[in-house]
Peer 1: 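Before I ask anything, let me first share the structure, which is written out below as structure tokens.
Here is the naming used below: chain letters follow the sequence lines, and residue numbers restart at 1 for every chain.
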Number of protein chains: 2
Amino acid sequence: MPNKKIEELPGKTVERLSQYRRLLFNSVELGKTNIYSHELARMMNLTPVQVRRDLMLIGYSGSQSKGYVIKDLISLIGKIIDSDTGQRIAIMGMGNLGRAITSYFTGKREKLSIVAAFDNDPQKYDRIIAGVPCYHINKLKEVVQKENIGIAILTVAPQATHEATKLMLEAGVKGILNYTSVPVSVPEGVFLEEYDIITSLEKLAFLVKK
Amino acid sequence: MPNKKIEELPGKTVERLSQYRRLLFNSVELGKTNIYSHELARMMNLTPVQVRRDLMLIGYSGSQSKGYVIKDLISLIGKIIDSDTGQRIAIMGMGNLGRAITSYFTGKREKLSIVAAFDNDPQKYDRIIAGVPCYHINKLKEVVQKENIGIAILTVAPQATHEATKLMLEAGVKGILNYTSVPVSVPEGVFLEEYDIITSLEKLAFLVKK
DNA sequence: TTATTATTGTGAAATAAATTACAACTTACA
DNA sequence: TGTAAGTTGTAATTTATTTCACAATAATAA
Ligand SMILES: NC(=O)c1ccc[n+]([C@@H]2O[C@H](COP(=O)([O-])OP(=O)(O)OC[C@H]3O[C@@H](n4cnc5c(N)ncnc54)[C@H](O)[C@@H]3O)[C@@H](O)[C@H]2O)c1
Ligand SMILES: NC(=O)c1ccc[n+]([C@@H]2O[C@H](COP(=O)([O-])OP(=O)(O)OC[C@H]3O[C@@H](n4cnc5c(N)ncnc54)[C@H](O)[C@@H]3O)[C@@H](O)[C@H]2O)c1
């Protein structure tokens with residue numbers, strides 16, 4: 001029996017679904033058509049029961065003899081985590097990190113695309129960088145609305161973080177992924193993810209030193 | 001009463017300690033000497049009680065009237081998450097992301113330093129890039145051991161991930177931070193963190209679409 | 001056919017993490 | 001002085017997530 005509501009999927013499960021799909025794309029390329037929970041589990045450093053529980057939550061059933069059908073699973077995960085019409089993304093701050101992310105990301109997912117970048121440096125705006133048009137921030141609201149952008153990635157200089165957040169919120173984005181070292185707040189109804197490499201390194205350093 | 005053992009701190013608490021300290025550094029620069037739990041909480045989008053609970057776990061006590069003494073708190077967090085002698089880090093793969101991380105990170109933390117990079121591209125090795133010497137991967141073991149490197153950041157091309165992991169493990173690193181899109185496994189006694197921006201974006205896209 | 005092995009699906013239990021509720025203390029000031 | 005307001009510290013509870021334990025099923029081989 002699938003979850004009461006798909007919207008109530010645990011956050012951790014959503015993250016793993018994304019990662020399962022990433023692996024499943026690879027498996028398809030290698031010519032595999034079916035996969036067992038223990039195979040997925042080993043590749044992701046999880047237990048097989050964790051994998052089966054996640055798939056149970058999205059209402060997917062495998063077969064005892066063949067495991068899961070990879071292409072069906074990919075397609076079901078897509079139904080759950082992708083937006084039907086696709087989700088359009090902007091990069092705020094086309095510096096080293098912004099450029100690295102943009103060139104890494106472009107073309108990786110059918111339903112997610114980085115369609116605009118913003119910067120206040122004349123070396124950056126009014127050009128196409130890493131395949132994406134970069135605009136001056138005074139065009140932000142206009143472009144975000146015209147391009148129907150729902151998610152912003154913040155890679156501006158730290159001191160510009162709050163201004164950048166304010167502009168993006170005013171323009172109406174509903175999700176922010178913040179890579180600056182300055183935490184931001186968002187109002188009700190907007191979603192926020194923060195990531196800082198220093199936190200990951202300090203956590204590792206703590207674990208290593210124990 | 002502090003935690004039974006500081007080593008048993010919840011992982012989430014360790015991450016937040018790193019983030020508290022990041023904010024506290026800023027507050028010191030602004031001339032603040034004391035801070036209340038609700039101030040830290042607001043800056044980090046947490047509840048004040050969550051902050052107090054974390055500080056309780058590390059055995060730090062504030063005053064009801066003045067809150068916490070920022071410099072003492074910074075120093076205690078350092079005692080807990082920093083290694084006494086400092087932790088030395090290597091970057092595996094000095095491409096766009098490796099360079100962006102290195103230039104961002106260098107000099108940010110006294111007890112964490114990126115001291116070497118490795119690559120197999122002649123354009124990259126035997127040079128200093130973003131302030132860090134970049135070596136050919138056939139020098140990896142030698143350099144890791146001589147430089148006493150305990151943590152590796154993987155930013156190589158995806159297809160080189162397993163080879164890179166193998167070399168780093170053989171050289172004796174105890175922690176790996178993997179940014180490639182290929183999951184890796186590590187033996188008992190080695191710690192692993194994985195991060196992929198696509199997972200963060202897909203999670204945001206899922207939340208936004210709900 | 002029947003036993004054996006390997007797999008999925010899932011209720012129940014265990015573990016991890018966050019929140020609630022409140023006691024205790026400190027200061028300001030009526 | 002005493003009381004109201006604001007704060008910390010923490011036990012108890014609740015919520016979120018993972019793991020355990022095992023029933024059910026399918027394929028295989030004796
Ligand atoms: N750029 C990003 O924002 C981003 C985000 C998430 C993940 N990633 C991942 O991080 C990795 C690096 O991304 P990038 O954009 O910097 O790519 P890149 O191509 O710029 O860099 C890859 C580097 O790895 C080196 N390399 C390749 N094979 C090697 C080998 N066998 N040994 C040593 N070095 C080797 C290359 O010479 C190059 O310098 C990729 O795996 C990518 O999937 C990147
Ligand atoms: N580089 C990394 O690996 C890394 C890792 C974690 C976090 N960060 C953070 O990500 C952010 C970007 O890092 P980076 O290395 O790319 O720095 P960077 O200096 O290369 O890029 C910052 C960009 O922001 C632009 N900018 C500055 N002020 C702006 C404003 N008011 N409006 C619009 N654009 C503005 C700059 O012109 C520049 O292009 C920083 O906040 C940094 O702390 C970087």
Peer 1: A/Asp54 and salt bridge (charged side-chain N to carboxylate O under 4.0 Å, His left out): which single residue from A/Arg21, A/Arg16, A/Lys12 fits?
Peer 2: A/Arg16
Peer 1: Given D/dT19, D/dT25, C/dT19, which nucleotide is nearest the side-chain atoms of A/Arg53?
Peer 2: D/dT19
Peer 1: Looking for any heavy atom pair under 4.0 Å, which part of the strands does A/Thr13 touch: base, sugar-phosphate only, or nothing?
Peer 2: nothing
Peer 1: So if I take every side-chain heavy atom of A/Gln50 and compare against C/dA24, D/dA26, D/dT19, which nucleotide ends up nearest?
Peer 2: D/dT19
Peer 1: Ignoring hydrogens and geometry, is there a side-chain-to-backbone donor-acceptor pair from A/Arg88 to A/Glu147 under 3.5 Å?
Peer 2: yes
Peer 1: I'd like to check A/Phe25 versus A/Ile74 (side-chain heavy atoms, cut-off strictly below 4.5 Å). Are they in contact?
Peer 2: yes
Peer 1: When you get a sec, tell me which of C/dT8, C/dT10, C/dA18 is the closest nucleotide to the side chain of B/Arg16?
Peer 2: C/dA18
Peer 1: Go nucleotide by nucleotide along DNA chain D from the 5' end; which of A/Lys12 and B/Gly62 gets its closest nucleotide reached first?
Peer 2: B/Gly62
Peer 1: If you assign each of B/Val49 and B/His38 to its closest nucleotide in DNA chain D, which residue comes earlier from the 5' end?
Peer 2: B/His38
Peer 1: From the set D/dT17, D/dT10, C/dG9, return the single nucleotide nearest to any side-chain atom of B/Arg52.
Peer 2: D/dT10
Peer 1: Return the orientation label for the B/Tyr68 and B/Tyr60 ring planes: parallel under 30°, perpendicular over 60°, tilted otherwise.
Peer 2: tilted
Peer 1: Taking only Lys NZ, Arg NE, NH1 and NH2, and the carboxylate oxygens of Asp or Glu, determine whether B/Arg109 and A/Glu202 approach each other closer than 4.0 Å.
Peer 2: yes
Peer 1: Could you go through nucleotides 27-30 of chain C and list every protein N or O atom that sits under 3.5 Å from one of its N or O atoms, giving the distance for each pair?
Peer 2:
from   : atom 1 : to      : atom 2 : distance (Å)
C/dT27 : OP1    : B/Ser65 : OG     : 3.4

